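I have placed the structure first, in the form of structure tokens, so that the comments after it can refer back to it.
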Amino acid sequence: MANLAGFDLNLLRVLDALLRERSTVRAGERLGLSQPAVSAALGRLRHALGDPLFVRQGQGMTPSSLALALEPELRRVLQDLETLLRGPGGFDPAQATFDFRISGTDFFSSMLMPALVQRLAARAPGVRVQLVDLVPDAYVEMLDRYEVDLGLIPERDFPAWVAHARLLTCGFVVVARRGHPRLASVPAAAPVPLPLYCALDHVLCSPEGRLHGLGDAALAAAGHRRRVVASVPVFEGVLRIVAQTDLLALVPVPIARMRATEGTYDIYAPPVPISPVHLCMIWHRRFDDDPGHRWMRGQVAEVLAPLGRVG
DNA sequence: TATTGACGCTTTGTCACACC
DNA sequence: GGTGTGACAAAGCGTCAATA
């Protein structure tokens, strides 16, 4: 392995870009270098670390086991270096250049990303933001493994090393396709009669692929049950299914309202009270005082603030 | 003793091209 | 379509002497 005295630390940025892109062409684009420059840097990395690091496979580069093993620590070191070089309190969004990964459902793809991207373009053009799918039951671990910088999930208990802040409280409504034959006598926005609600089939959004959710718990508390016949991992899919079938769905108020003007479905109140969900952002405490991270948390909170308590 | 400028070597970049 | 390599150019860096 290399020693620090003779090692060019810029090579770590190249290794990071190669691990992210798995291609010398795309790594070059990410770094602002030509493909041959990345190839040469990879050659120097191979020599310094005594490992091939990447082997060519088809039209891309596959990392070696050593490259994969280095990845988490490499990200941490680069993050620390950025923080160090930025200096205390010296964060300037207009000059900042970093990537920020957020994990969340497609709720945030609709309710957060458009406004957030617009903000970044105006205030921090060098910052790139990525919304990545929630990996079921691994939200917290992804923070620890440097796979995401921020998680957007329903509030619950978190480990001590996870910091969190509540963003909004979100109620739920029932949606059904416009012209649903069984709901003709139910006025829009009125509660769906409980017997009818339980008699109809349902679709729900579950990134984990579950066939039960909040609605089932609320019904069970009232001594009733419904039949969920489908689940999809995104709300967009739920709304499309609702619009094209006789299924009902329970969806967050902001999502329902956002698409209501399209006229493909109507909105009703749930037949039983559904406890609102507190959505929060979570991050690793090692980023508590990171100026860039703190600034991004502020932007996310500000974008979602107008939704406030909905429903 | 610290700073500055000249000089030369080394490193790293791009371009063009061969190869897989 | 993508990677690796040779030729060449530019920039960076260390050394050394001159100077304040």
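All figures in this text were calculated on a predicted structure; none of them were measured in a lab. Per chain, numbering begins at 1; letters A, B, ... match sequence-line order.
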Check: Side-chain N or O of A:S23 less than 4.0 angstrom from OP1 or OP2 on C:dT3?
Finding: yes

Next item on the list: Could you state the atom-to-atom distance from CG of A:L18 to P of C:dG2 in whole Å?
Entry: 14 Å

Notebook entry, point to check: Expressed in angstrom and rounded to an integer, what is the separation of A:M61 atom CE from B:dC20 atom P?
Noted result: 15 Å

Next item on the list: Classify the side-chain pair A:W283/A:D288 by whether it contains a donor and acceptor separated by less than 3.5 Å.
Entry: yes

Note to self: Please identify which of these residues, A:V174, A:V173, A:L248, meets the side-chain contact (heavy atoms from CB on, under 4.5 Å) condition with A:Y268.
What the structure shows: A:V174

Check: What is the minimum heavy-atom distance between A:M281 and A:R297, and which atoms define it?
Finding: CE-O, 3.5 Å

Note to self: What is the separation between atom CG on A:N10 and atom C1' on C:dG12, rounded to the nearest whole Å?
What the structure shows: 12 Å

Note to self: Can you tell me if A:T24 touches the phosphate of C:dT3, counting only side-chain N or O atoms and a distance under 4.0 Å to OP1 or OP2?
What the structure shows: yes

Check: Between A:L42 (CG) and B:dT12 (C1'), how many Å, whole number?
Finding: 15 Å

Item checked: For atom CD of A:Q35 and atom P of B:dT12, their distance in whole Å -> 17 Å

Check: Any side-chain N or O of A:R22 under 4.0 Å from OP1/OP2 of C:dT3?
Finding: no

Item checked: Between B:dG13 (P) and A:R44 (CZ): distance, integer Å -> 5 Å

Next item on the list: Apply salt bridge (charged side-chain N to carboxylate O under 4.0 Å, His left out) to the pair A:R182 and A:D246, showing each step before the final yes or no.
Entry: CA-CA 9 Å; A:R182 305 284 299 278; A:D246 287 341; over 6 Å; no

